[in-house]
Trainee: 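Can you keep this structure in mind? I'll have questions shortly.
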Amino acid sequence: QVQLAESGGGLVQPGGSLTLSCAASGRTFNRYTVAWFRQAPGKEREFVAALRATNSNPYYADSVKGRFTISRDNAKNTMYLQMNTLTPEDAAVYYCAADAHLILSSLRSPPAYDYWGQGTQVTVSS
């Protein structure tokens, strides 16, 4: 069992930056694939970024590639999402997710993840 809790959301101006954190419980966090998803009002939850337990290569949605960075600190049981050059289109509730048995082909699929945080709101507005 893993419990996840996001923090760091808030209001930021277009072009600004924000870093989200996701603290995880459990002693085997380093064995989990971790990911960030987001959901805007009236839209489906969409993949943002992921980092597998087996290697350090990150995966990104095309819409955030080059602007967002996913990372993890296994010693602190925490994952991060550094978001730069934010636009109003990035506004959403951001969720962290984790799974211990994810296969690569399901990396971008929300139903593939067993554990979710409660979400943190990111608002991008001037």
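Remember, it's a predicted structure, so these values are computed and weren't measured experimentally. In what follows, residues are counted from 1 in the order of the sequence shown.
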Trainee: Looking only at the aromatic ring of each residue, does the gap between the centers of Phe37 and Tyr113 stay below 6.0 angstrom?
Mentor: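 They qualify: ring centres under 6.0 Å apart.
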
Trainee: One pair to check against side chain to side chain contact (heavy atoms under 4.5 Å, CB included): Val122 and Asp90. What are the steps and the verdict?
Mentor: CA-CA 8 Å; Val122 172; Asp90 295 315; 5.7 Å; no

Trainee: Spell out, as yes or no, whether a donor-acceptor pair under 3.5 Å connects the side chain of Arg108 to the backbone of Tyr60.
Mentor: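 Yes, Arg108 side chain to Tyr60 backbone: donor-acceptor pair under 3.5 Å.
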
Trainee: Just how far is it from atom OG of Ser106 to atom CZ of Phe47, taken to the nearest 0.5 Å?
Mentor: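 Ser106 atom OG to Phe47 atom CZ measures 12.0 Å (nearest 0.5 Å).
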
Trainee: Would you kindly check if the NZ (Lys) or CZ (Arg) of Arg72 is within the cone defined by 45 degrees around the ring axis of Tyr32 and under 6.0 Å from the six-membered ring centre?
Mentor: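 No.
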
Trainee: Within the supplied structure, the quantity of interest is the number of heavy atoms (other residues, nucleotides, ligands) at a distance under 6.0 Å from Glu46 CD; does it exceed 12?
Mentor: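 Yes, CD of Glu46 has more than 12 neighbouring heavy atoms, counting only those of other groups under 6.0 Å.
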
Trainee: Which heavy atom of Ala35 sits nearest a heavy atom of Ile70, and at what distance?
Mentor: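 So the two residues come closest at CA-CD1, 4.3 Å.
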
Trainee: Taking Arg67 for its side chain and Thr85 for its backbone only, find out whether a donor-acceptor pair lies under 3.5 Å.
Mentor: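 The answer is yes, because a donor-acceptor pair under 3.5 Å joins these two groups.
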
Trainee: CZ of Arg38 to CD of Gln121: how many Å apart, nearest 0.5 Å?
Mentor: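 Reported to 0.5 Å precision, the distance equals 12.0 Å.
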
Trainee: First locate atom CG of Asn77, then atom OG1 of Thr28, and finally report the distance between them rounded to the nearest 0.5 Å.
Mentor: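 Between Asn77 CG and Thr28 OG1, I get 8.5 Å after rounding to 0.5 Å.
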
Trainee: Report the residue from Thr69, Val12, Leu18 that forms a side chain to side chain contact (heavy atoms under 4.5 Å, CB included) with Met83.
Mentor: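 Result: among Thr69, Val12, Leu18, Leu18 is the only option passing the side chain to side chain contact (heavy atoms under 4.5 Å, CB included) with Met83.
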
Trainee: Trp116 and Pro110: which non-hydrogen atoms are nearest, and at how many Å?
Mentor: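 Minimum heavy-atom separation between Trp116 and Pro110: CZ2-O, 3.3 Å.
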
Trainee: Just verifying a value: how many Å separate Glu6 CD and Met79 CE, rounded to the nearest 0.5 Å?
Mentor: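 Going from CD on Glu6 over to CE on Met79, the span is 8.5 Å.
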
Trainee: When rounded to the nearest 0.5 angstrom, what is the spacing between OH in Tyr94 and OG in Ser7?
Mentor: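 Going from the OH atom of Tyr94 to the OG atom of Ser7 covers 15.0 Å.
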
Trainee: Okay, side chain of Gln118, backbone of Ala5: is any donor-acceptor separation there less than 3.5 Å?
Mentor: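 Not confirmed, Gln118 side chain does not pair with Ala5 backbone.
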
Trainee: Working to the nearest 0.5 Å, report the span between CG of Leu81 and CG of Leu51.
Mentor: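 Rounded to the nearest 0.5 Å, the CG-CG separation comes to 11.0 Å.
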
Trainee: Any idea which heavy atoms bring Ala24 and Leu4 closest together, and the distance?
Mentor: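 Smallest interatomic distance, heavy atoms only, reads CB-CD2, 3.6 Å.
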
Trainee: Which pair of heavy atoms, one from Thr78 and one from Ala23, lies closest together, and at what distance?
Mentor: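 Looking at all heavy atoms of both residues, the shortest contact is OG1-CA, 4.2 Å.
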
Trainee: Look only at the side chain of Asp114 and the backbone of Asp99, and say whether a donor-acceptor pair between them is shorter than 3.5 Å.
Mentor: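 Looks like no, no N/O pair under 3.5 Å.
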
Trainee: Restricting to non-hydrogen atoms, name the atom on Ala98 and the atom on Val34 that form the minimum distance, rounded to 0.1 Å.
Mentor: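 Scanning both residues completely, I find the closest heavy atoms to be CB-CG1, 4.2 Å.
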
Trainee: List the steps, then state whether side chain to side chain contact (heavy atoms under 4.5 Å, CB included) holds for Tyr95 with Leu20.
Mentor: CA-CA 10 Å; Tyr95 299 90; Leu20 305 182; over 6 Å; no

Trainee: Evaluate Gln82 against Thr19 for side chain to side chain donor-acceptor pair (under 3.5 Å), listing each step before the verdict.
Mentor: CA-CA 4 Å; Gln82 171 68 43; Thr19 299; 2.3 Å; yes

Trainee: Would you name the heavy atoms of Leu102 and Arg52 that are closest together and state the gap between them?
Mentor: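 Between these two residues, the closest heavy atoms are O-NH2, 4.0 Å.
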
